[in-house]
2 protein chains.
Amino acid sequence: MPIQRYSRQRERIYQVLQEGRCHPTAEMIYDKLKPSMPRLSLGTVYRNLQQMADEGYIRRLEGPSARFDAEVRPHSHLYCRRCGRMLDLPVPYDEALDRAAEESGCQVERHELVFEGICSACMGKDRDQAADAASDI
Amino acid sequence: MPIQRYSRQRERIYQVLQEGRCHPTAEMIYDKLKPSMPRLSLGTVYRNLQQMADEGYIRRLEGPSARFDAEVRPHSHLYCRRCGRMLDLPVPYDEALDRAAEESGCQVERHELVFEGICSACMGKDRDQAADAASDI
DNA sequence: TCTTTAATAGGAATTATTACTGTTTAGGAG
DNA sequence: CTCCTAAACAGTAATAATTCCTATTAAAGA
């Protein structure tokens with residue numbers, strides 16, 4: 001995991017993530033490691049998770065803060081990583097997905113489908129300023 | 001919208017949600033209404049959004065706090081509303097969904113599929129204590 | 001071993017959200 | 001129409017989640 005430098009803390013954090021299948025929060029990881037690493041700080045956990053997520057070694061689930069929608073009917077969303085907006089997408093709700101998920105013994109009421117990418121508006125801007133294409137917002 | 005009682009504040013909050021297609025955060029709604037409702041408080045916005053979401057008049061997107069996963073390969077999740085856990089689900093990643101989403105002119109890199117329901121473990125508990133079935137945790 | 005600088009610890013600061021308390025008001029009874 | 005009561009509000013305090021800041025520690029190349 002060649003991020004920049006090896007660190008005991010990051011290694012242990014990654015271990016915790018690999019061991020349990022529970023998608024722990026930063027705080028859960030902190031609590032788990034604290035006993036064996038008394039000097040560990042919560043900031044370190046957050047920083048390393050962020051870093052590993054940026055590098056693609058782990059995945060970060062869910063967005064930053066809750067958002068709301070007046071449209072109750074299920075529909076999917078696009079999170080534009082360029083402008084940060086959350087847009088509606090006309091991808092139809094596929095109930096078959098729910099039934100497929102229930103194969104594993106759970107009971108599904110609904111699902112949320114969030115795409116990540118660049119919205120059409122931002123794609124347009126890109127075309128105008130092709131020089132920016134390499135920049136990493 | 002027969003929640004309990006009519007309130008000007010709730011009406012206006014709902015209006016904002018219907019007008020803009022931007023899935024505003026609670027604070028964005030507050031900022032938008034504050035000029036015309038100088039005594040509006042942020043707590044009122046949060047409370048009414050929560051209330052309307054509970055009643056099903058609006059939808060709340062995204063979960064409570066960020067979680068992390070050591071599994072980088074795309075896979076879907078089940079949020080169990082009973083025990084609050086986020087579990088992996090063996091529903092295969094469907095790249096066709098990304099292509100379908102791009103019909104609208106955006107560029108999609110990946111998607112996140114989160115199911116909501118009751119996990120198999122909690123389903124088991126239900127069977128044991130059928131009396132609780134009616135309770136609303 | 002020494003040096004350089006990324007990474008850490010610890011705590012302060014920020015942001016998002018909920019909870020609490022006293023005041024206002026919707027809406028039904030008289 | 002006026003009065004009453006509980007629901008909803010405003011304002012503020014409290015909590016939770018996350019990031020930022022500064023001095024210190026330590027990885028790893030010379």
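In what follows, every chain begins at residue 1, and chains take the letters A, B, ... in the order their sequences are listed. What you see is a predicted model; the values in this text were computed from it and never measured.
Straight-line distance from the CZ atom of A:Arg12 to the C1' atom of C:dA9: 17 Å, rounded to whole Å. Rounded to an integer number of Å, the gap from CG of A:Asp54 to P of D:dT18 is 15 Å. Put simply, CG on B:Asn48 is 13 Å from P on C:dT18, counting in whole angstrom units. The separation between A:Tyr6 atom OH and D:dA26 atom P is 13 Å, rounded to whole Å. Rounded to an integer number of Å, the gap from B:Tyr30 OH to D:dC9 C1' is 13 Å. In this structure, CD of A:Gln51 is placed 13 Å from P of D:dT19, rounded to the nearest angstrom. When the P atom of C:dA26 is taken as reference, atom CD of B:Glu11 falls 12 Å away, rounded to whole Å. Atom C1' of nucleotide C:dA16 and atom CD1 of B:Ile29 are separated by 14 Å, given to the nearest angstrom.
Put simply, CE on B:Met52 and CZ on B:Arg47 are 11.0 Å apart, with the number rounded to the nearest 0.5 Å.
Residue whose closest nucleotide on DNA chain C sits further toward the 5' end, between B:Arg47 and B:Arg8: B:Arg47.
Comparing atom distances between the A:Arg10 side chain and each of D:dC9, D:dA27, C:dA7 picks out C:dA7 as nearest.
Side-chain atoms of A:Arg5 and base atoms of C:dT5 include a donor and an acceptor less than 3.5 Å apart.
In terms of phosphate contacts, B:Gln9 brings a side-chain nitrogen or oxygen within less than 4.0 Å of OP1 or OP2 of D:dA10. Note on A:Gln50: every side-chain N or O is 4.0 Å or more away from OP1 and OP2 of D:dT18. In this structure, A:Ser7 does not reach the D:dA27 phosphate: none of its side-chain N or O atoms is under 4.0 Å from OP1 or OP2. Residue B:Tyr46 has no polar side-chain atom (N or O) positioned under 4.0 Å from OP1 or OP2 of C:dT18.
A parallel orientation is assigned to the rings of A:His111 and A:Tyr93, their planes being inclined by less than 30° (bins at 30° and 60°).
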| query | Yes or no on side chain to side chain contact (heavy atoms under 4.5 Å, CB included) for A:Val108 and A:Leu97, after CA distance, side-chain angles and deciding distance? | reply | CA-CA 10 Å; A:Val108 172; A:Leu97 284 171; over 6 Å; no

| message | What verdict does the side chain to side chain contact (heavy atoms under 4.5 Å, CB included) test give for B:Thr25 and B:Met28, after you've listed the backbone C-alpha separation in whole Å, the side-chain angles of each residue and the deciding distance to 0.1 Å? | response | CA-CA 5 Å; B:Thr25 62; B:Met28 288 160 75; 3.2 Å; yes

| request: Under the salt bridge (charged side-chain N to carboxylate O under 4.0 Å, His left out) rule, what do B:Glu102 and B:Arg99 come out as? Steps first, then yes or no, please. | output: CA-CA 5 Å; B:Glu102 287 180 335; B:Arg99 300 293 82 78; 3.0 Å; yes

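Of the residues in residues 31-44 of chain B, those with a non-hydrogen atom less than 4.0 angstrom from any atom of DNA chain C are B:Leu42.
Contact check for B:Ser120 versus A:Ser104: no side-chain heavy atoms found under the 4.5 Å cut-off. Counting heavy atoms from C-beta on, the side chains of B:Arg110 and A:Glu116 come closer than 4.5 Å.
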